[in-house]
Amino acid sequence: MGPTTNTTLAGYAETMFLSATAIYAVALVLLVIELATTRVTATAARDRSRELVAAGGAPIATAGTPGVVVDDGPRRSRSERIGRMGYAVVVAGLLLHVASIVSRGIATGRMPWGNMYEFVTITCAGAVLAALIMLRKSETRPILVFVLLPVLALMFVAEGVLYTTAGPVVPALKSYWLAIHVSIVSIGSGIFLVSGVASLLYLFRRRYERPDGTVEASSGFPGRLVEALPSAQVLDRVAYGTVIVAFPLFSAGVICGAIWAEAAWGRPWGWDPKETVSFIAWVIYAAYLHARATSVWRKAAPYLNILGFAAMVFNLFFINYVVTGLHSYAG
């Protein structure tokens with residue numbers, strides 16, 4: 001540990017990170033409760049409507065009935081309150097998460113993304129921030145459950161496997177480009193996480209969704225589970241909207257990396273393993289945007305989106321830990 005490191009503040013940063021992880025876990029529980037109660041309420045209303053129709057009575061009006069105002073009773077309002085509470089708890093967790101990143105940076109006297117632990121930390125913060133912005137409406141809030149799951153998994157891996165004691169970075173990373181290049185790439189990666197989750201849910205929902213947007217009643221538990229998810233159209237829109245933001249950021253990050261490489265190694269591009277996989281991921285996401293805008297290839301778009309994020313994860317873990325290259329970032 002370097003002599004200039006404020007160990008006390010670094011300890012506070014570690015405590016705040018652990019606290020943020022715990023708060024995200026509490027928020028996840030609340031949002032899962034909202035997801036479950038929303039599904040139960042919708043299923044009960046649907047089943048009751050069928051019973052009345054079968055008995056010759058008038059079907060119960062649901063929220064999807066045009067021109068009808070529905071009072072779903074206290075169960076729905078309680079579910080909505082729990083969901084809003086979960087969203088607020090995620091906001092509190094993000095504030096503490098960001099505070100931990102800032103505190104670690106102040107403690108070390110540098111930008112706090114100089115190793116794998118710090119990179120994953122800021123990537124998770126970027127994913128949560130993007131999710132809070134994109135999924136703030138009640139219609140899209142169920143997606144937040146499935147974003148928090150990988151975020152929590154990554155935070156546990158960061159703390160349990162990747163943790164690095166706060167201190168100075170290796171000489172190769174002592175550059176102002178560290179603040180620019182790594183921050184842009186990490187935040188873009190976090191936004192790509194939200195997009196990848198949305199595309200996975202889109203494929204899952206589309207499997208059980210009829211052309212009119214309803215879910216097959218005979219699809220069993222999976223079908224009942226996806227009833228609480230947004231429609232396939234909404235999921236596709238979230239996936240596309242996040243890539244629209246993340247792709248320019250990632251492109252700028254790659255360009256900044258090339259400029260940094262020119263200054264550090266005397267060449268902007270050398271097909272180093274990390275550079276190569278980053279380029280492959282960039283091509284995949286470019287292909288996704290093209291496919292999403294082309295009617296002929298639109299069905300392939302979600303698969304390309306998921307493949308692009310898989311390339312990002314491969315680049316983060318496999319390339320850093322298994323493949324030898326000029327990038328000593330994982331060191």
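The structure presented is a predicted model; accordingly, all values stated were derived computationally and were not measured.
Residue pairs meeting the side chain to side chain donor-acceptor pair (under 3.5 Å) criterion with at least one member in residues 122-132: none, sequence neighbours excluded. Within the structure, salt bridge (charged side-chain N to carboxylate O under 4.0 Å, His left out) contacts touching residues 295-311 (residues at least two apart or in different chains) are Asp236-Arg298. Screening residues 103-117 for salt bridge (charged side-chain N to carboxylate O under 4.0 Å, His left out), with sequence neighbours left out, gives Arg104-Glu118, Arg110-Glu118.
No more than 12 heavy-atom neighbours from other residues, nucleotides or ligands sit within 6.0 angstrom of CD on Gln233.
Here the closest non-hydrogen pair linking Val185 and Gly253 is CG2-CA, 3.8 Å. Between Thr21 and Leu152, the closest heavy-atom pair is O-CD2, 3.5 Å. Val147 approaches Ala127 most closely through the heavy-atom pair CG1-O, 4.4 Å. The two residues Ile184 and Cys256 make their nearest non-hydrogen contact at CD1-SG, 4.4 Å.
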Quick one, Leu31 with Val90, criterion side-chain contact (heavy atoms from CB on, under 4.5 Å). Give me CA distance, side-chain angles, the key distance, then yes/no. CA-CA 10 Å; Leu31 292 168; Val90 175; 4.2 Å; yes
Checking side-chain contact (heavy atoms from CB on, under 4.5 Å) for the pair Asn315/Ser278: CA distance, chi angles, key distance, verdict? CA-CA 7 Å; Asn315 202 12; Ser278 296; 2.9 Å; yes
Test Thr242 against Met134 for side-chain contact (heavy atoms from CB on, under 4.5 Å), laying out the working first. CA-CA 8 Å; Thr242 44; Met134 294 294 297; 3.7 Å; yes
List the steps and the verdict of side-chain contact (heavy atoms from CB on, under 4.5 Å) for Phe309 and Ser195. CA-CA 8 Å; Phe309 185 69; Ser195 182; over 6 Å; no
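Cluster membership check: Ile143 shares its hydrophobic cluster with Ile244, using side-chain heavy-atom separations under 4.5 Å among Ile, Leu, Val, Met, Phe, Trp and Tyr.
Formation of a donor-acceptor pair under 3.5 Å by the Thr294 side chain with backbone atoms of Arg292 is not found in this model. Distance alone, capped at 3.5 Å, is enough to place a donor-acceptor pair between the Trp113 side chain and the Leu178 backbone. In this structure, Ser199 contributes its side chain and Gly196 its backbone to no donor-acceptor pair below 3.5 Å. A distance-only check finds a donor-acceptor pair linking the side chain of Arg205 to the backbone of Leu229 [under 3.5 Å]. Between the Glu262 side chain and the Ile259 main chain, no donor and acceptor come within less than 3.5 Å of each other.
When each of Tyr163, Tyr12, Tyr117, Phe156 is tested with Phe17 by the rule ring pair (Phe, Tyr, Trp, His ring centres under 6.0 Å), just one qualifies, namely Tyr117.
Between Tyr285 and Phe192, the angle of the ring planes stays under 30°, which puts this pair in the parallel group of the 30/60° scheme.
Using a cut-off of 4.0 Å between Lys/Arg side-chain N and Asp/Glu carboxylate O, Glu34 and Arg78 are scored as not salt-bridged.
Among residues two or more places apart in sequence or in another chain, the ring pair (Phe, Tyr, Trp, His ring centres under 6.0 Å) test is passed with Phe247 by Trp282. Listed by chain and residue number, nothing satisfies the ring pair (Phe, Tyr, Trp, His ring centres under 6.0 Å) test with Phe317 (two or more places apart in sequence, or in another chain). With sequence neighbours excluded, the residues satisfying ring pair (Phe, Tyr, Trp, His ring centres under 6.0 Å) with Tyr24 are His97.
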